[in-house]
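A short worksheet on the structure shown next.
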Amino acid sequence: MILNSLNPAQQEAVRAPLGHQLILAGAGSGKTRVLTHRIAWLIEMEKISPFNILAVTFTNKAAHQMRSRVESMLDIPSKSLWIGTFHGISHRFLRTHWQEAGLPQSFQILDSDDQFRLIRRVINALNLDEDRFPPKEAQWFINAQKEEGRMPEQVEPRDITGQTLIRIYQGYQETCQRAGVVDFADLLLKTYQLMQTNATIRAEYQKRFRCLLVDEFQDTNTIQYAWLKAFAGEHNSVMIVGDDDQSIYGWRGARIENIQRFSKDFPGASVVRLEQNYRSSAIILKAANAIIAQNSSRLGKNLWTDGKDGEPITVYAGFNDIDEAFYIVNRIRDCQKNHFALRDTAILYRSNAQSRVIEEALMQFGIPYRVYGGLRYFDRQEIRDALAYLRLIANRSDDPAFERIINTPPRGIGDRTLVSIRELAKTAGITLWAALEQLLQQKHFSARAEGALLSFVALMNSLSEQSASLTLHKQVELVLSASNLIDHYRKEKGEKGLTRVENLEELINAAHQFTQEGVQDDMPPLAAFLAYAALESSDEQAETYEDCVQLMTLHSAKGLEFPIVFLAGCEEELFPHYMCMNDPKSLEEERRLCYVGVTRAMRKLYMTYAECRRMHGKESYHRPSRFLNEIPAELIEEVRFRTNVSRPRPLANTYRPESQGKFRIGQEIQHRIFGEGTVVDCEGDGDEMKVKVRFANVGTKVLLAGYLEGK
DNA sequence: CGGGAAAAGCTTTTT
DNA sequence: GCTTTTCCCG
């Protein structure tokens with residue numbers, strides 16, 4: 001096998017004899033290459049069957065990437081090779097062992113929105129005050145407990161509130177069980193529990209997976225660690241790859257200590273450090289190293305490169321957030337002139353709210369951009385409605401799906417009716433559907449409500465009957481037309497309704513594509529499609545080939561790289577964020593986040609801040625981020641030149657003449673993309689004039705006059 | 001039931 | 001401040 005393309009440390013990792021291995025892989029040190037080469041090595045040189053290998057990642061994207069690279073390296077179909085996310089693998093496991101896990105065969109996956117609604121229902125059913133026990137907090141509590149592997153009985157209540165939270169957890173868990181649904185955490189937890197309690201299954205899997213590989217190990221939480229130990233058993237080889245300096249998910253339960261624990265729990269583990277970086281210039285690496293060196297309790301690593309110094313880091317001090325945005329946009333235009341593609345530039349920020357000002361600036365100059373991490377296709381309201389119909393077809397017990405569509409589109413089933421159904425379901429301990437049927441039999445409802453309910457039952461029954469003989473996409477088509485969802489959303493005025501109808505129609509295509517591509521061996525197509533929607537919907541929107549500037553949070557930038565990176569909002573209170581500044585542990589996590597951001601840049605890094613920024617509606621003044629001070633001065637080129645000094649923010653009561661050049665306040669205008677709107681403010685004159693317009697469909701935007709037409 | 005007004009968030013996010 | 005959700009009334 002040819003390993004010439006790997007450096008000595010990488011080769012050491014790939015060629016290591018069977019046994020445990022800890023790979024400390026710095027940013028840009030080629031960890032994915034090491035992982036994929038290792039898998040290939042195991043198969044080719046150690047003669048391990050792909051059937052005996054399990055590779056685990058956190059995201060579907062990483063899993064797909066790994067699979068396709070292994071496939072192209074080995075030139076074998078990798079179907080027998082298990083590569084997937086913790087959740088995806090657990091799901092597959094539970095689909096096989098549903099009986100042993102005490103689940104119905106058709107169990108469905110609850111996503112976080114469903115989970116939230118269900119928890120709220122439980123809180124109400126327990127007659128608790130939503131203000132005293134916010135569903136969000138209860139959801140947080142429940143997920144945190146599950147991530148620690150604790151069932152309701154195992155939680156030690158701290159106080160009275162804790163006791164109530166446990167009751168909510170208990171009620172929630174019972175409802176899930178009754179409805180035959182599992183949440184994301186359950187996938188891991190139930191898998192782990194089954195491995196613990198069922199000796200036969202444990203023996204089977206421990207015998208099967210002789211080699212386990214885990215990517216991004218610094219992001220594992222308690223249950224994932226326990227899960228891994230359960231699968232590894234006493235005799236199998238485990239290779240973990242991670243970077244303690246890139247652990248940025250402590251707030252959602254990731255345990256950085258898991259890396260340190262690994263050497264204790266997996267005896268004889270060899271350690272390999274990958275420190276040669278192939279991504280960034282020497283200056284960028286020096287800055288990154290200097291920042292992360294401020295953190296204590298690191299495993300220790302120093303990135304180096306044999307590449308050039310490169311350009312200094314430009315630090316720009318903006319006058320305000322708008323000025324900062326204009327500076328960034330102007331530099332992007334420079335890059336364009338220097339023949340960089342727009343997709344080579346990324347603007348990274350700490351919090352999503354920062355994107356708005358930057359987007360407005362980009363829009364004014366007509367620069368195409370893409371914001372990552374928006375609402376995903378399968379998370380859209382209309383899509384979830386349609387999926388809820390499908391879920392209820394597959395499983396009448398699915399209470400969350402029932403709640404969602406019982407009156408969507410509106411069919412005259414009001415709150416009153418629903419309350420009595422919920423009441424019976426609660427007291428009798430049955431599902432909503434069963435309660436509904438029982439109440440109908442008892443002639444419990446008024447004539448009007450009864451009619452509406454009967455037609456709903458008839459609709460669902462006829463859908464079930466008809467769809468039994470249909471292909472998946474025909475089923476979707478049938479649901480869309482029979483449920484009237486499309487008509488319902490068509491009535492929604494403006495562009496919103498139109499997009500929703502388009503999205504719904506797209507669902508038919510998605511279903512069609514799904515049946516053609518992903519023939520999931522052992523599952524009925526509908527169940528497989530629903531699981532796909534819940535578990536793997538994320539990279540659906542991922543690859544758009546249009547050349548545009550990439551906007552995203554620092555968190556979602558992890559794992560990516562860009563020739564040119566702007567790190568915006570480098571101010572105290574924003575980055576580090578004010579909620580993380582007082583606790584040393586979370587401050588260190590902020591610093592790691594900064595390290596992640598800096599190491600995304602390949603050739604040029606800009607770090608910008610604003611002296612004055614609007615936050616939560618108030619103008620606030622902040623000092624530059626401490627992280628800027630942690631970078632040695634000789635690596636930095638400071639810019640204080642203000643691109644837009646003559647652009648003070650207009651005061652609310654300042655008198656402005658009615659007419660200024662081409663547009664005046666109150667005028668109706670037309671925009672090529674945004675449609676019709678009314679001018680609410682303007683500034684400057686000629687084509688350079690900035691016009692604030694309230695559009696009918698897309699809200700208020702500030703635009704250059706050159707892009708507008710009067711009516 | 002639908003639309004408008006009032007009120008409540010408001011760090012990061014994958015599965 | 002802005003946006004999303006909830007609430008209340010016709």
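Proteins get letters first, then strands, A, B, ... in listed order; numbering begins at 1 in each.
Remark: A:Arg416 is not positioned above the aromatic ring of A:Phe445, lacking an NZ or CZ atom under 6.0 angstrom from the ring centre and at most 45 degrees off the axis. No cation-pi contact links A:Arg380 to A:Phe378, judged by a cut-off of 6.0 Å to the six-membered ring centre and 45° from its axis.
Straight-line distance from the CD atom of A:Glu216 to the P atom of B:dT15: 12 Å, rounded to whole Å. Per the geometry, CG belonging to A:Leu574 stands 11 Å off P belonging to B:dT11, to the nearest Å. Regarding A:Gln381, its CD atom lies at a distance of 9 Å from the P atom of C:dT5, rounded to whole Å. Counting to the nearest Å, the P atom of B:dT12 and the CE atom of A:Met581 are 17 Å from each other. Here the P atom of nucleotide B:dT13 and the CD1 atom of A:Ile248 are 9 Å apart, to the nearest Å. For the pair A:Arg376 CZ and B:dT15 P, the computed distance is 7 Å after rounding to whole Å. Rounded to a whole Å, the CZ atom of A:Arg384 is 13 Å from the C1' atom of B:dT15. Put simply, CZ on A:Arg411 is 12 Å from P on B:dG2, counting in whole angstrom units.
In this structure, A:Arg120 reaches the C:dT6 phosphate: one of its side-chain N or O atoms is under 4.0 Å from OP1 or OP2. Phosphate contact (OP1/OP2 of B:dC10, side-chain N/O of A:Lys136, threshold under 4.0 Å): present. Not one side-chain nitrogen or oxygen of A:Tyr249 sits closer than 4.0 Å to the OP1 or OP2 atom of B:dT13. OP1 or OP2 of B:dT15 has at least one side-chain nitrogen or oxygen of A:Asn60 nearer than 4.0 Å. A sub-4.0 Å separation between OP1 or OP2 of B:dT14 and a side-chain N or O of A:Thr85 is absent. Residue A:Asn352 has no polar side-chain atom (N or O) positioned under 4.0 Å from OP1 or OP2 of B:dC10.
For A:His577, the listed nucleotide lying nearest its side chain is B:dT11; candidates were B:dC1, B:dT11, B:dT15. Of all nucleotides listed (B:dT15, B:dT13, B:dT12), B:dT15 comes nearest to the side chain of A:Phe184. The listed nucleotides are B:dT13, B:dG2, B:dT15; the one nearest the side chain of A:Thr59 is B:dT15.
Nucleic acid contact class of A:Gly412 (heavy atoms, under 4.0 Å, all strands): sugar-phosphate only.
At a threshold of 4.0 Å, the pair A:Asp379-A:Arg376 counts as salt-bridged, since one of the basic side-chain nitrogens sits closer than that to a carboxylate oxygen. The pair A:Arg623-A:Glu571 does not meet the salt-bridge criterion, since no charged nitrogen lies less than 4.0 angstrom from a carboxylate oxygen. For the pair A:Asp114 and A:Arg117, the salt-bridge criterion is not met [side-chain N within less than 4.0 Å of a carboxylate O]. Taking the charged nitrogens against the carboxylate oxygens, A:Arg252 and A:Glu147 have no contact shorter than 4.0 Å, which rules out a salt bridge.
Pair check for B:dG4 finds C:dC7; Watson-Crick or G-U wobble, both atom distances under 3.5 Å. In this structure B:dT13 sits in no base pair that meets the Watson-Crick or G-U test at under 3.5 Å.
Judged by centroid separation below 5.5 Å and plane tilt below 30°, A:Trp251 stacks onto the base of B:dT12. The side-chain ring of A:His555 is not stacked on the base of B:dT12, judged by centre separation under 5.5 angstrom and plane angle under 30 degrees.
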Sequence neighbours excluded and cut-off under 3.5 Å, please list the side-chain donor-acceptor pairs for residues 573-581 of chain A, or say none.
{"residue": "A:His577", "atom": "ND1", "partner": "A:Met579", "partner atom": "N", "Å": "3.2"}
{"residue": "A:Tyr578", "atom": "OH", "partner": "A:His616", "partner atom": "NE2", "Å": "3.4"}

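Contacts between residues 108-117 of chain A and DNA chain B, defined by a heavy-atom separation below 4.0 Å, involve A:Ser112, listed by number.
For the salt bridge (Lys or Arg N to Asp or Glu O under 4.0 Å) with A:Glu590, the qualifying choice from A:Lys585, A:Arg350, A:Arg626 is A:Arg350, the only one to do so.
Nearest-nucleotide mapping onto DNA chain B: of A:Phe58 and A:Tyr578, the residue sitting toward the 5' end is A:Tyr578. In terms of position on DNA chain B, the residue among A:Ala353 and A:Asn407 whose nearest nucleotide sits closer to the 5' end is A:Asn407.
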Tell me, with the steps shown, if A:Arg356 and A:Glu359 meet salt bridge (charged side-chain N to carboxylate O under 4.0 Å, His left out). CA-CA 5 Å; A:Arg356 212 196 78 242; A:Glu359 283 182 69; over 6 Å; no
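If you take atom P in B:dT11 and the same atom in C:dT4, they sit 15 Å apart, rounded to whole Å. B:dT12 and C:dT3: their P atoms are spaced 15 Å apart (whole Å).
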